[in-house]
Amino acid sequence: MQTVVLENIALTAVDDAHALATGVGRIAVKLVMKLLLSPIDRMAQASDVAGVLVHRRKRQQTGKRRCPFSFGHLKHLT
């Protein structure tokens, strides 16, 4: 009976350690990617004359997805 309890505690500790390592790894990858891509992002913002990046970010923040086969995203060209 005691071995079952100890086994459950050990498995829980291992699962928690795995979840912690996964979370820390994801945060580290996001931080490194942000540091590496920040100069590229600054150049893209500086060269965005028509404001395309701002509209794209607004659309991504609202969670609005468009159909890949529609031409509605080209309406600003007419």
Side-chain angles (χ1 to χ4, degrees):
M1 184 76 169
Q2 291 176 348
T3 57
V4 173
V5 172
L6 290 176
E7 183 180 344
N8 285 341
I9 292 172
L11 287 176
T12 303
V14 169
D15 288 341
D16 289 345
H18 180 264
L20 179 66
T22 302
V24 168
R26 287 182 182 173
I27 291 171
V29 166
K30 285 183 183 181
L31 180 65
V32 168
M33 291 302 291
K34 187 174 183 177
L35 288 174
L36 290 177
L37 296 179
S38 63
I40 297 171
D41 191 39
R42 283 195 301 268
M43 286 190 300
Q45 289 292 332
S47 63
D48 185 24
V49 177
V52 175
L53 294 176
V54 175
H55 294 300
R56 185 177 295 164
R57 283 198 180 116
K58 284 181 185 176
R59 186 174 57 232
Q60 287 176 351
Q61 289 175 353
T62 59
K64 193 175 183 184
R65 303 269 176 169
R66 60 179 165 87
C67 177
F69 301 111
S70 71
F71 296 103
H73 63 282
L74 298 175
K75 66 183 175 186
H76 67 282
L77 297 176
T78 59

If you round to the nearest 0.5 Å, how far is [atom2] of [Y] from [atom1] of [X]?
| X | Y | atom1 | atom2 | answer |
| --- | --- | --- | --- | --- |
| T12 | E7 | OG1 | CD | 10.0 Å |
| I27 | T22 | CD1 | OG1 | 11.0 Å |
| L31 | L36 | CG | CG | 9.5 Å |

### Query
Do L35 and M43 sit in the same hydrophobic cluster, where Ile, Leu, Val, Met, Phe, Trp and Tyr count as joined when their side-chain heavy atoms come under 4.5 Å apart?
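Not linked; separate clusters.
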Hphob cluster co-occupancy, V14 + L20, side-chain heavy atoms under 4.5 angstrom =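 As far as the 4.5 Å side-chain criterion goes, L20 and V14 are not connected within one cluster.
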Using side-chain contact (heavy atoms from CB on, under 4.5 Å) as the criterion, list what pairs up with L53, not counting sequence neighbours.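 With neighbours one apart ignored, the set is A44, Q45, D48, R56.
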- Task: Taking side-chain contact (heavy atoms from CB on, under 4.5 Å) as the test, write out the residues that go with S47, two or more places apart.
- Result: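 Counting only residues at least two positions away or on another chain, S47 forms no side-chain contact (heavy atoms from CB on, under 4.5 Å).
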